[in-house]
Amino acid sequence: MSKTIDSRYSAQEIEAAAQKYWRDHDSFKVEENPGKEKYYCLAMFPYPSGHLHMGHVRNYTLGDAIARFQRMQGKNVLQPMGWDAFGLPAENAAIQNRVAPAEWTYGNMDYMRRQLQQLGFAYDWSREIATCHPEYYRWEQWFFTRLFAKGLVYKKDAEVNWDPVDKTVLANEQVVDGRGWRSGAVVERRRIPQWFVKITDYAGELLEGLDTLPGWPEQVRTMQSNWIGRSTGIELQFDIAGVPDPQNRVLSVYTTRPDTLMGVTYVAVAPQHPLATLAAEGQPELARFITEQSHTRMAEADLATLEKVGMDTGLKAIHPISGEQVPVYVANFVLMSYGSGAVMAVPAHDQRDWEFARKYDLPIKQVIKPDRPEVSCDLETEAFVEKGVLMNSGRFDGLDFTKAFDAIESHLKQAGKGEKRVNFRLRDWGVSRQRYWGTPIPIINCPDCGAVSVPEKDLPVLLPENIEFSEGGSPLNNMPGFYQVDCPQCGTPARRETDTFDTFMESSWYYARFACRDQNTAMLDARADYWLPVDQYIGGIEHAILHLLYARFFHKLMRDEGLVQSDEPFANLLTQGMVLKDGSKMSKSKGNTVDPLALIEKYGADTVRMFVLFASPPDQSLEWSDSGVEGSFRFLKRLWKIVAEHTPADGSELTDAKLNEAQRQLRLKTHTTVAKVTDDFARRHTFNTAIAATMELINAVQKFEGDGDNDLNRAVVGEALRAVVLMLAPVVPHFSHALWYHLGHDQAVIDAPWPQVDRAAMQQSTALIVLQVNGKLRGKIEVEKSIDRQSLEEKALANESVLRFTAGKQIRKIIVVPEKLVNIVVS
RNA sequence: GCGGAUGUGGCGGAAUUGGUAGACGCGCUAGAUUUAGGUUCUAGUAUCGCAAGGUGUGGGAGUUCAAGUCUCCCCAUCCGCACCA
């Protein structure tokens with residue numbers, strides 16, 4: 001029986017009551033249940049910066065709505081939450097506020113956890129993870145030692161940003177316009193030994209795997225695909241004339257346009273190329289040029305617009321097919337880090353080569369001509385870079401790109417001067433950070449044995465938490481107790497790594513650890529395979545490349561270690577848009593933020609949740625509107641009143657036969673709405689239209705109630721209200737929790753099943769037909785669905801407003817779309 | 001430069017398969033209730049026109065009986081990548 005309820009909506013009271021109920025009943029704690037279909041819903045965990053911002057609220061509301069909906073579908077739903085707790089801001093805060101990074105971080109976590117709980121998110125808090133806990137990062141350390149044993153990680157020198165005043169390494173985001181963010185000193189580049197993970201070994205699989213992810217946005221897949229940057233070309237060798245040194249006698253270049261090979265008029269090498277170093281011996285001017293070029297460092301974006309400069313080395317390269325000698329240049333536009341650090345230059349068919357050739361007066365030899373008349377080619381103004389037909393290329397003349405590629409490849413292969421090769425843009429992942437607040441790298445550097453893994457029995461390598469933090473780099477470097485250790489292999493005094501991991505390491509596998517975070521004898525166990533892959537992952541588009549690529553990579557590494565069986569971690573991905581106010585992104589620096597907490601206090605969590613879902617579709621940006629929030633609040637108040645004042649009908653079954661037309665229409669609206677909202681939730685994730693549809697239904701209910709009060713009317717209205725309360729339960733869970741009891745149910749709404757569509761209620765015997773003349777709307781008629789085509793045409797033609805436009809005209813054609821439209825074509 | 005997305009009333013947005021453009025909400029206008037004010041309710045609200053009707057989805061062309069939706073060209077804004085050989 002229904003409980004009496006105040007017809008005034010009091011958000012604070014009902015939210016506290018619902019949250020208490022969930023807490024008391026452990027409502028969101030889940031266990032593995034092989035007999036039940038699982039659903040793993042995960043929103044990207046936050047960095048504990050101090051307080052939630054609107055972007056978090058949007059992200060977690062989306063996840064919660066999906067998770068709660070799937071639960072109502074009868075699935076075993078896991079929705080966990082945790083903290084991406086390591087990172088630079090904690091160090092900055094430590095300097096500013098004289099508080100240890102650990103203390104600052106744990107305090108923030110406590111505060112933000114309360115905020116998340118206030119928003120009513122259905123998390124299984126028993127699975128909470130913080131990446132700064134030794135129980136978490138110890139397994140990352142263990143895994144790293146496994147990768148080390150397999151040769152999947154290695155150490156090499158790499159450049160860092162060095163602040164000469166603060167005497168510390170800076171992260172890229174701490175370098176502003178080439179200067180240190182605190183000191184303002186010009187940042188230097190230093191080469192120091194750092195650890196790398198061989199993501200390039202998985203480049204091919206990471207690329208191909210994108211095709212197995214139809215549940216990912218096209219945009220994200222394209223971005224990853226471009227980032228991996230696969231290209232197919234030929235690696236070929238030019239002999240260098242008169243060089244005795246066997247290492248430098250041959251110059252390797254990589255090209256994706258072997259069809260232009262006969263148009264090579266010079267070759268160019270990067271300033272750091274060994275051949276450039278060799279040529280610089282005894283050529284002081286060239287040596288000076290090379291030094292200058294290696295020192296010019298600027299933002300990568302400026303590189304592209306940098307003027308192309310170079311210098312002749314005096315060396316000659318011998319063309320592998322023609323035997324002709326061409327000059328070897330050092331050029332600033334050739335990157336040592338891509339391919340072999342050397343290129344063959346074809347000025348006629350590459351714009352950079354063309355500009356360089358014009359500047360240094362090098363020959364431009366056309367070897368490709370357009371294969372279609374509409375394509376123009378004027379080598380006086382620019383290079384012709386399109387593919388076409390070969391010319392001036394001897395025996396290859398007349399071939400198209402594909403044929404020329406194959407013919408030149410087999411020619412070079414026979415001569416032992418080249419072969420086909422696939423190249424990737426992707427670089428190995430540098431994971432060393434010269435930072436304190438991160439996972440210590442579990443390596444000991446021994447003067448005799450080199451880099452040695454910390455043995456499993458000695459893990460975790462604990463990060464000292466109770467420290468004095470000051471400027472000037474990682475405190476670990478000042479802690480002999482931390483770094484003075486004996487070599488695990490030979491026992492001689494050695495030095496522990498004081499670098500820590502890139503925090504992307506922690507966020508690359510947390511989704512798996514949520515399945516079994518209490519497992520203290522292994523990184524993962526069988527529970528991971530029950531839950532994985534994540535069915536729905538939700539987060540910001542800013543993670544489209546790095547986080548999502550590293551996580552996919554880590555998943556494959558874990559698979560190859562036998563820890564998981566699946567190939568990909570995230571089956572479906574939803575990338576939410578930004579939260580804007582006054583047209584620009586909400587940010588502290590712009591001073592246009594909205595504090596979620598103040599809104600919750602004023603309107604309640606449900607209003608906030610409803611607004612962020614209603615204002616726009618999830619993947620698009622959301623324009624903040626205070627009056628829009630008022631609108632959501634007003635709707636909830638109105639709906640509360642309607643439901644609270646509704647008296648459930650006693651027991652009469654809804655059978656169509658007894659219903660009048662108005663009652664039948666309301667039932668029709670109820671069930672078409674249920675069908676639409678179900679589709680919006682399950683397939684489209686368009687919560688904005690789902691909410692709009694329930695509002696429409698409520699509008700229809702209000703109009704209907706004007707007809708008067710009787711048992712059958714109450715029954716039909718009751719059905720509509722039950723559907724609305726259930727359909728809104730994922731959006732405004734506290735609100736629905738309270739009203740569901742009022743509607744006469746003993747069971748909590750979180751355990752109620754999603755409403756079912758009654759197909760019979762959706763049957764209609766008539767259809768509204770749109771009448772058009774020459775494609776323009778001229779009228780509408782209601783007809784029996786069973787009407788035959790001829791009678792329908794007759795009715796359409798007899799329509800008064802149609803007649804006005806057909807009078808005196810000749811009827812050419814009549815288009816009939818059954819149950820929808822008649823279009824009369826006249827002239 | 002390359003790649004991607006977006007462009008619809010005063011505003012956020014809807015139109016899912018080529019078939020009634022503007023659902024739903026905000027705002028605004030008028031009225032009612034209460035009133036100190038807000039709240040709440042009713043009606044209206046793309047635009048031009050008294051009306052009949054015309055026009056209208058960034059601009060231009062095209063396909064079609066029919067285009068916000070498909071094709072081509074152009075413009076604007078946003079995002080990503082950026083000398084990748």
Side-chain angles (χ1 to χ4, degrees), chain A residues 217-227 229-231 233 253-257 260 267-268 270 299-306 308 331-335 337-346 350-353 355-356 423-426 541-542 544-545 577-578 580 583-585 610-611 614-617 619-632 634-635 637-638 641 676 679-680 683-684 686 688-696 698-699 702 768-780 801 804-805 812-817 820-826:
Chain A
E218 185 69 40
Q219 187 198 6
V220 174
R221 287 187 285 161
T222 306
M223 281 163 77
Q224 290 213 351
S225 165
N226 292 343
W227 187 261
R230 182 186 200 271
S231 68
V253 304
Y254 175 73
T255 180
T256 55
R257 289 296 300 274
T260 65
V267 298
E300 303 232 310
D302 302 329
L303 280 174
T305 52
L306 196 66
K308 287 154 190 48
N332 67 340
F333 69 85
V334 182
L335 306 176
S337 56
Y338 187 76
S340 56
V343 296
M344 63 177 219
V346 187
D350 181 283
Q351 189 59 26
R352 280 171 325 214
D353 297 349
E355 283 168 29
F356 194 83
N423 232 332
F424 291 97
R425 204 194 78 107
L426 187 68
I541 186 74
E542 66 273 18
I545 298 177
M578 284 188 300
L580 310 176
S584 60
K585 187 181 178 174
M610 181 158 184
F611 174 72
F614 181 58
S616 57
D619 52 343
Q620 276 170 41
S621 60
L622 182 155
E623 184 67 42
W624 190 264
S625 153
D626 290 332
S627 48
V629 179
E630 289 275 359
S632 293
R634 205 174 299 158
F635 173 74
K637 279 192 291 188
R638 182 160 70 99
K641 191 158 184 283
K676 186 203 162 36
D679 185 48
D680 283 352
R683 180 179 63 87
R684 301 209 306 155
T686 49
N688 55 328
T689 54
I691 293 167
T694 61
M695 287 175 169
E696 271 190 74
I698 287 304
N699 291 345
Q702 278 201 308
L768 187 67
I769 305 291
V770 169
L771 304 179
Q772 295 181 333
V773 178
N774 285 350
K776 289 200 168 142
L777 176 71
R778 297 301 176 195
K780 294 170 196 177
S801 49
R804 259 204 304 259
F805 291 90
R812 297 287 173 194
K813 205 196 247 187
I814 299 178
I815 310 279
V816 175
V817 182
K820 256 190 182 155
L821 162 147
V822 176
N823 186 13
I824 299 151
V825 186
V826 299

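Lettering of chains follows the sequences in order, A, B, ..., and the numbering in each one begins at 1.
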Which one, [options], comes nearest to the side chain of [X]?
X: A:R634; options: B:C26, B:C81, B:A85; result: B:C26
X: A:R804; options: B:A52, B:G19, B:U16; result: B:A52
X: A:A692; options: B:A85, B:C83, B:C24; result: B:C24

Calculate the interatomic distance between [X] atom [atom1] and [N] atom [atom2]; express it in whole Å.
X: A:L580; N: B:C79; atom1: CG; atom2: P; value: 10 Å
X: A:F356; N: B:A85; atom1: CZ; atom2: C1'; value: 14 Å
X: A:E630; N: B:U39; atom1: CD; atom2: C1'; value: 10 Å
X: A:M223; N: B:C81; atom1: CE; atom2: C1'; value: 8 Å
X: A:I691; N: B:G13; atom1: CD1; atom2: P; value: 14 Å
X: A:K676; N: B:A14; atom1: NZ; atom2: P; value: 10 Å
X: A:D679; N: B:U17; atom1: CG; atom2: P; value: 11 Å
X: A:W227; N: B:C79; atom1: CH2; atom2: P; value: 17 Å

Counting only side-chain nitrogens and oxygens, does [X] get under 4.0 Å of the OP1 or OP2 atom of [N]?
X: A:R778; N: B:U20; value: no
X: A:R684; N: B:A14; value: no
X: A:N699; N: B:G25; value: yes
X: A:K776; N: B:U55; value: yes
X: A:K780; N: B:U20; value: no
X: A:N688; N: B:A14; value: yes
X: A:R352; N: B:C84; value: yes
X: A:Y254; N: B:A85; value: no

Base-pairing assignment for [N] (Watson-Crick or G-U wobble, both under 3.5 Å):
N: B:G25; value: B:C11
N: B:G49; value: none
N: B:A5; value: B:U77
N: B:G31; value: B:C41
N: B:U57; value: none
N: B:U20; value: none
N: B:U69; value: none

Base, sugar-phosphate, or nothing for [X], non-hydrogen atoms under 4.0 angstrom?
X: A:R221; answer: nothing
X: A:G631; answer: sugar-phosphate
X: A:E542; answer: nothing
X: A:V334; answer: base
X: A:S632; answer: nothing
X: A:I541; answer: nothing
X: A:V817; answer: base
X: A:N823; answer: base

Which value, in whole Å, describes the distance between the [atom1] atoms of nucleotides [N] and [M]?
N: B:U8; M: B:G22; atom1: C1'; value: 8 Å
N: B:A14; M: B:A23; atom1: C1'; value: 5 Å
N: B:G9; M: B:U47; atom1: P; value: 11 Å
N: B:G13; M: B:G58; atom1: P; value: 14 Å
N: B:A66; M: B:C48; atom1: P; value: 29 Å
N: B:A85; M: B:C79; atom1: P; value: 26 Å
N: B:C41; M: B:A61; atom1: P; value: 48 Å
N: B:G49; M: B:A36; atom1: P; value: 42 Å

Taking [Y]'s backbone N and O only, do any of them form a donor-acceptor pair with [X]'s side chain (distance below 3.5 Å, no angle check)?
X: A:N774; Y: A:V826; result: yes
X: A:N823; Y: A:G775; result: yes
X: A:S621; Y: A:M578; result: no
X: A:S225; Y: A:R221; result: no

message: Could you report the tightest heavy-atom contact between A:I541 and A:Q219, atom names first, then the distance?
response: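 Scanning both residues completely, I find the closest heavy atoms to be CD1-OE1, 3.6 Å.
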message: Give me the atom names and distance for the closest heavy-atom approach of A:F611 to A:E623.
response: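 Closest pair (atom of A:F611, atom of A:E623, distance): CZ-O, 4.1 Å.
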message: Any donor-acceptor pair under 3.5 Å linking the side-chain atoms of A:R638 with those of A:N699?
response: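 There is such a pair (donor and acceptor under 3.5 Å, judged by atom type) between the side chains of A:N699 and A:R638.
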message: Would B:G9 be called syn or anti here, given the cut-off of 90° from 0?
response: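 Base orientation: syn.
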message: Distance criterion of 3.5 Å, no angle test: do you see the side chain of A:R683 paired donor-to-acceptor with the base of B:U16?
response: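 Yes, the side chain and the base share a sub-3.5 Å donor-acceptor pair.
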query: Would A:R778 count as a cation-pi partner of A:F805, with NZ or CZ less than 6.0 Å from the six-membered ring centre and within 45° of the ring normal?
result: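 Ring-cation test returns yes.
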